[in-house]
Amino acid sequence: RTAANRADVLAEFRKPPVPNLVLLDVMLPDVDGFEVLGSLRRHPAFRNVPVIMLTGKATREAVLRGLYGGADGYITKPFEPDALMTAVRTVLGLPEPARPR
């Protein structure tokens with residue numbers, strides 16, 4: 001599922017089932033991703049859903065704000081797809097794929 005603004009985010013989180021993982025941008029047009037993260041962490045149904053922040057905000061302050069706010073990972077843009085997939089597997093506890101010999 002995707003959401004590009006506050007209304008979309010709220011609508012998507014109201015739809016079952018609860019997601020297994022949330023990839024959350026910090027800079028949305030009308031809402032701060034840190035605010036969305038805080039709401040997720042306060043909501044009983046979403047409290048334990050892994051969240052990876054994906055953003056161009058690469059300052060130490062922004063990374064710490066995300067991690068201290070409850071994000072399970074923080075990836076800065078631009079990013080390599082392999083880095084994202086590694087982060088997803090890590091927060092979901094999935095094994096690394098077998099490498100071809």
Side-chain angles (χ1 to χ4, degrees):
R1 296 182 265 181
T2 61
N5 58 46
R6 178 186 218 91
D8 290 348
V9 168
L10 293 174
E12 289 302 320
F13 283 131
R14 287 186 181 116
K15 293 178 186 175
V18 171
N20 294 320
L21 170 72
V22 173
L23 298 176
L24 180 61
D25 200 333
V26 171
M27 297 184 293
L28 297 167
D30 60 349
V31 67
D32 183 283
F34 297 120
E35 182 182 324
V36 174
L37 176 63
S39 295
L40 289 172
R41 292 299 177 236
R42 288 187 298 275
H43 193 285
F46 299 102
R47 183 173 294 137
N48 296 315
V49 173
V51 176
I52 297 175
M53 307 293 286
L54 268 176
T55 182
K57 284 191 137 183
T59 65
R60 182 177 187 276
E61 179 183 76
V63 173
L64 291 176
R65 184 175 177 197
L67 295 175
Y68 289 147
D72 298 280
Y74 196 101
I75 297 178
T76 57
K77 296 176 187 176
F79 60 89
E80 294 294 323
D82 288 346
L84 175 60
M85 292 309 301
T86 296
V88 167
R89 282 191 293 276
T90 298
V91 301
L92 293 178
L94 301 174
E96 288 290 321
R99 298 193 185 257
R101 292 180 185 216

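Atom set for the values below is all heavy atoms of this structure, side chains included, hydrogens, waters and symmetry mates excluded.
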Tell me whether [X] contacts the main-chain N or O of [Y] through its side chain, where contact means a donor paired with an acceptor under 3.5 Å.
X: Arg89; Y: Leu94; result: no
X: Arg42; Y: Gly38; result: yes
X: Asn5; Y: Asp8; result: yes
X: Asp30; Y: Arg6; result: yes
X: Arg1; Y: Val9; result: no

For the residue pair [X] and [Y], establish whether any side-chain heavy-atom pair is separated by less than 4.5 Å.
X: Pro19; Y: Phe13; result: yes
X: Leu40; Y: Val51; result: yes
X: Phe79; Y: Leu54; result: yes
X: Pro50; Y: Leu92; result: yes
X: Glu12; Y: Thr2; result: no

Problem set entry | Option among Leu37, Ile75, Leu23 that satisfies the side chain to side chain contact (heavy atoms under 4.5 Å, CB included) test with Met53 |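 With Met53 as partner, Leu37, Ile75, Leu23 yield a single side chain to side chain contact (heavy atoms under 4.5 Å, CB included), made by Leu37.
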
Exercise. What's the spacing between Asn48 CG and His43 NE2 if we round to 0.5 Å?
Worked result: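 Here the rounded value is 12.5 Å.
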
Problem set entry | CZ on Arg60 to CZ on Arg65, rounded to 0.5 Å |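 Atom-to-atom, Arg65:CZ and Arg60:CZ are 15.0 Å apart.
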
For this session: Tell me, with the steps shown, if Val18 and Val49 meet side-chain contact (heavy atoms from CB on, under 4.5 Å).
Result: CA-CA 8 Å; Val18 171; Val49 173; 3.5 Å; yes

For this session: Work out which heavy atom in Met27 is nearest to a heavy atom in Asp25; give both atom names and the distance.
Result: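 Scanning both residues completely, I find the closest heavy atoms to be N-OD1, 3.1 Å.
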
Exercise. Of the non-hydrogen atoms in Ala4 and Pro29, which two are nearest, and what is the gap between them?
Worked result: O-CD, 3.0 Å

For this session: Say whether Leu24 and Leu84 are linked into one hydrophobic cluster, either directly or through other cluster members, by side-chain heavy-atom distances under 4.5 angstrom.
Result: no

Exercise. Hey, any chance Phe46 and Val36 share a hydrophobic cluster, counting ILVMFWY side chains that come within less than 4.5 Å of each other, even indirectly?
Worked result: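 Yes: a chain of side-chain contacts under 4.5 Å links Phe46 to Val36.
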
For this session: Would you check, one step at a time, whether the test side-chain contact (heavy atoms from CB on, under 4.5 Å) holds for Tyr74 with Thr55?
Result: CA-CA 8 Å; Tyr74 196 101; Thr55 182; 3.1 Å; yes

For this session: Take Thr76 and Lys57 through the side-chain contact (heavy atoms from CB on, under 4.5 Å) test and state the conclusion after the steps.
Result: CA-CA 7 Å; Thr76 57; Lys57 284 191 137 183; over 6 Å; no

Exercise. Should the heavy atoms of other residues, nucleotides or ligands under 6.0 Å from CD of Glu61 be counted, would the total exceed 12?
Worked result: no

Problem set entry | Test: Asp72 and Arg41 ion pair at under 4.0 Å | yes

